[in-house]
Amino acid sequence: MTDALFTYVLRLADDAAILGQRLGEWCGHAPTLEEDIGLANVALDHVGQARALYSYAAEVEGKGRDEDQLCFLRVERAFRNCLLVEQPNGDFAQTIARQLFFSAFMLPFWEKLTGSSDATLSAIAAKAEKEAAYHLRHASEWTIRLGDGTAESHRRMQEAIDLLWPYTGELFEADDTVSELVAAGIAVDPQGLRAGWLATLSRVLEEATLTLPAQGWMQTGGRDGRHSESFGHLLSEMQYMQRAYPGHTW
Amino acid sequence: MYTQALNARETETSAPEDAERLAAFQARIDAEEKIEPNDWMPAAYRKTLVRQISQHAHSEIVGMLPEGNWITRAPTLKRKAALLAKVQDEGGHGLYLYSAAETLGVSREELTEQLLSGRAKYSSIFNYPTLTWADIGAIGWLVDGAAIMNQIPLCRCSFGPYARAMIRVCKEESFHQRQGYELLLEMCRSSEEQKAMVQDALDRWWWPSLMMFGPSDTHSTHSAQSMAWKIKRFTNDELRQKFVDATVPQAHFLGLTIPDDKLAFDAESGHWTFGEIDWDEFSRVIAGDGPCNRERLSARQKAHEAGAWVREAALAHAEKRAARRAAAQVAAE
C-alpha cells in the first residue's frame with residue numbers, strides 16, 4: 001500500500017510540477033500584460049501544488065528525500081507525469097487547449113479527492129480544487145474567445161484541440177496502483193470522471209464554435225516514464241542548478 | 001522604480017499658460033494638496049507625468065525579462081515560486097502604472113507603441129544580463145533597493161493616482177528587496193563557491209545600480225521644475241547617497257566587498273563616500289548601446305507581434321457578444 005500511495009502522489013506531483021514549469025516559460029512573452037500575470041499565476045498554483053505533493057510523497061516514501069530531491073534529482077524515465085502536461089507551449093491556443101483539457105479533468109478530480117480517507121491528500125485537494133476552478137474558468141473563457149473570435153484564431157484553436165486530443169486518454173487510465181487505492185478509499189476512480197469531463201468540454205467547445213474530436217487512438221506511456229522527446233530538454237533546464245551544484249542549499 | 005525620466009526637460013514649447021491659473025496650481029502644490037486627473041494642470045506638468053509614469057511602467061515590463069530568464073532554472077521549488085510571484089508583481093505594477101498614465105489622457109496602446117518603436121525609454125538597469133542565479137538575489141537586493149529609495153518619496157508625489165499607486169508598489173518592492181537579500185544570505189552561508197557567485201553578482205550590479213539614480217546634481221539642472229511641482233522630492237545625489245549608506249553595511253554583513261576602492265566611511269558626516277560613476281557607460285547604455293538593449297526590445301516586439309492574433313480575436317469576440325446582446329434586446333422589445 002505504501003508503494004502504491006507513493007507512486008500515486010508522485011504522479012500528481014509530477015503533473016503539477018511539469019505543467020508549472022511549462023507555464024513559467026511564458027513569463028514576459030504572453031500576448032497581453034494581463035495574460036503575463038494570469039499565466040504566471042496559474043504556474044504559481046501548480047508549483048505550490050507540486051511542493052505540497054512532493055513533500056507528502058517524500059514523507060510516505062520515508063527515505064529522507066525532500067521535495068527538491070524528488071523534483072530535481074530524478075531522471076526522465078523516473079518521472080510519472082502524464083504526457084499532456086509536458087507538451088510544449090506552442091502558440092497561445094495550444095497552451096490554452098492543454099490547460100482546458102487538464103483543468104476540466106482536475107477540477108472534478110480534486111473535488112472527489114477531498115473525500116479521500118487519506119487526510120493529507122484530502123487537505124491538499126481542498127486547496128487545489130479552488131485553484132482548478134479558476135484555471136478551468138480562465139482556459140474556458142479563452143477557448144471561447146479564440147474559437148469564436150477571428151477566422152485565424154478559430155483555425156488555431158481547433159488545430160490545438162486536435163493536436164493535443166490524443167494526450168487526453170491517459171488522464172483516465174487506471175492501473176493496479178490506482179485500483180488498489182480506489183478500493184481503499186484513498187484514490188479517485190478516473191473512469192468515473194469521464195462523462196463529466198466530456199460534458200464540460202462539449203459545453204465549452206460548442207460555445208466556442210469548435211468541434212470535439214472523435215475518440216480515436218490515444219497516446220500513453222507517461223505514467224511508466226516513457227515521455228516525449230522534448231521532455232529531456234525540459235528536465236535539463238529545470239534541473240540545471242541542482243545538477244551543476246550537487247549538495248548545495250539555496 | 002526608475003525616475004530617470006525626470007532628468008530630461010520638456011523640449012516642446014506649448015502655448016503659454018494663464019498666469020493666474022498657474023499661480024493657483026502652484027499654491028495647491030505648495031499646500032501639499034493632491035492634483036487629481038480632472039483638475040486643471042499645466043500642459044508641461046501633464047507631459048512630465050505621462051513620460052515619468054509610462055517610463056516607470058515600461059521599466060516594470062522590461063524588467064520581467066532578466067528575472068524571467070531564471071524562472072525555469074530556479075534551484076528549488078520554493079525559490080521558483082517566490083520568483084514567479086515576484087515577476088508577477090512586476091507585471092501588476094506595470095498594469096497599475098499604465099492605468100495611472102491613462103488618467104492623464106494617453107492610452108496604453110500609444111504607450112506600448114512608444115516602447116516597441118524604441119522612442120520611449122525604460123530604466124537602464126534592465127539592459128544588463130542575468131548570468132547566474134545570484135543575479136536574481138542581486139536584483140532584489142540592489143535594484144529593488146534602489147527603486148525603493150526612489151519610490152518612497154513618490155508616495156508623496158503631488159499627482160494623486162501616481163502617489164497612491166506608489167504606496168502599494170513600495171510595499172511589494174520592499175518585500176522583494178528582503179527576499180533578494182535573504183536569497184544571497186543563504187548562498188553566502190552555504191559554501192565558498194556560492195559566496196563567490198554572490199560576489200561576482202555584486203561586482204557586476206553595483207555600479208549599474210548606482211546609475212539608476214540618474215546623472216549627478218551638477219550635471220542635472222533639469223529636475224528643478226519637477227522638484228517645484230513636488231513630483232520629485234530629493235535630488236539624484238541625495239537619493240544615491242541614501243542608497244549607498246543603507247547598502248554598504250548590508251554588503252559587509254554578507255562578508256562581501258563593494259567593488260570600489262575609493263569607498264570610505266566619513267565619520268564627520270556619517271556618510272559613505274564613494275568613487276566616480278563611469279558616466280560614459282551610463283550615457284551609452286541609456287542611448288541604446290548596453291549589453292542587452294537590442295535583445296530586450298526585440299523580446300518585447302516578438303511577444304507583441306506573436307500575440308497580435310490573440311488580441312484581435314479577443315476584440316472580435318467582444319464585438320460579436322455585444323452585437324448578439326443588442327440583437328437579443330431588440331427582439332425582446
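Remember, it's a predicted structure, so these values are computed and weren't measured experimentally. Within every chain, numbering begins at 1; the chains are lettered A, B, ... in the order of the sequence lines, protein sequences first and strands thereafter. What's counted below: heavy atoms across the whole structure, side chains too, no hydrogens, waters or symmetry copies.
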If one checks every heavy atom of A/R22 against chain B at 4.5 Å, the contacting part turns out to be neither

Side chain, backbone, both or neither: which part of A/Q242 has a heavy atom under 4.5 Å from chain B?
side chain

Spell out, as yes or no, whether a donor-acceptor pair under 3.5 Å connects the side chain of A/R145 to the backbone of B/A313.
no

Pick one of side chain, backbone, both or neither for A/L234, based on which atoms fall under 4.5 Å of a heavy atom in chain B.
neither

Report which part of B/L95 has an atom under 4.5 Å of a heavy atom belonging to chain A: side chain, backbone, both, or neither.
both

Heavy-atom contact with chain A under 4.5 Å, split by part of B/K302:
neither

Heavy-atom closest pair, residues A/Y54 and B/L77
CD1-CD1, 3.6 Å

On a heavy-atom basis, the closest approach of A/G28 and B/L65 is O-CD2, 3.8 Å

Checking an interface table here. Which of residues 131-142 of chain A come within a heavy-atom distance under 4.5 Å of chain B?
A/W142

B/H317 side chain vs A/D148 backbone, donor-acceptor pair below 3.5 Å
yes

Between B/S190, B/G68, B/A299, which residue shows the highest count of heavy-atom pairs closer than 4.5 Å to chain A?
B/S190

Which distance, rounded to the nearest 0.5 Å, do you find between the OH of A/Y240 and the CH2 of B/W70?
5.0 Å

Checking the side chain of B/Q194 only, and the main-chain atoms of A/T249 only, is there a donor and an acceptor separated by less than 3.5 Å?
yes

Does the distance from a Lys or Arg side-chain N to an Asp or Glu carboxylate O, for B/R324 and A/E207, drop under 4.0 Å?
no

Heaviest contributor of heavy-atom pairs below 4.5 Å to chain A, chosen from B/R73, B/M64, B/E67, is B/R73

Between atom CE of A/M241 and atom NZ of B/K80, what is the distance when rounded to the nearest 0.5 Å?
11.5 Å

Can you tell me how far apart CD1 (B/I61) and CG (A/D36) are? Round to the nearest 0.5 Å.
7.5 Å

Main-chain N/O of A/G149 paired to B/K320 side chain as donor or acceptor, under 3.5 Å
yes

In this structure, are over 12 heavy atoms from other groups packed under 6.0 Å from A/R155 atom CZ?
yes

Take atom CD in A/Q69; do more than 12 heavy atoms of anything else shown fall under 6.0 Å from it?
yes

Quick check on the interface: out of A/P31, A/G20, A/G38, who has the most heavy-atom pairs with chain B under 4.5 Å?
A/P31

How far apart are the closest heavy atoms of A/W250 and B/E186, and which atoms are they?
C-CG, 3.4 Å

With only heavy atoms counted, which part of B/L315 is less than 4.5 Å from chain A, the side chain, the backbone, both or neither?
neither

Among the listed options A/E34, A/Q239, A/E25, the residue most often paired with chain B at heavy-atom distances under 4.5 Å
A/E34

Non-hydrogen atoms of chain A under 4.5 Å away: do they reach the side chain of B/A74, the backbone, both or neither?
backbone

Tightest non-hydrogen contact, residues A/H248 and B/S191, listed as CD2-OG, 3.4 Å

Interface check, chain A: of B/M197, B/E305, B/R321, most non-hydrogen pairs under 4.5 Å belong to B/M197

Cut-off 4.5 Å, heavy atoms of chain A, and the answer for B/R108 is side chain

Contact origin within B/A81 toward chain A - heavy atom pairs under 4.5 Å
both

Residues 88-103 of chain A: residues contacting chain B (heavy atom under 4.5 Å, by number)
A/D91, A/F92, A/A93

So that I can tick it off, tell me whether A/D68 and B/R79 are bridged by a salt bridge, with the cut-off set at under 4.0 angstrom between side-chain N and carboxylate O.
no

Nearest non-hydrogen partners of B/A316 and A/T150, listed with the distance
CB-CG2, 3.8 Å

B/Q88 versus chain A, the contacting section by heavy-atom distance below 4.5 Å
both

When every non-hydrogen atom of A/L33 is compared with those of B/G91, the smallest separation belongs to CD1-O, 3.9 Å

Does A/R156 reach the main-chain N or O of B/W309 with its side chain, forming a donor-acceptor pair under 3.5 Å?
no

Pick whichever of B/I71, B/T72, B/V310 has the most heavy-atom pairs under 4.5 Å with chain A.
B/T72

Engaged part of B/T76 at the chain A interface, taking heavy atoms whose separation is under 4.5 Å:
both

Any idea which of B/K78, B/R311, B/M187, B/H304 has the most non-hydrogen atom pairs under 4.5 angstrom with chain A?
B/K78

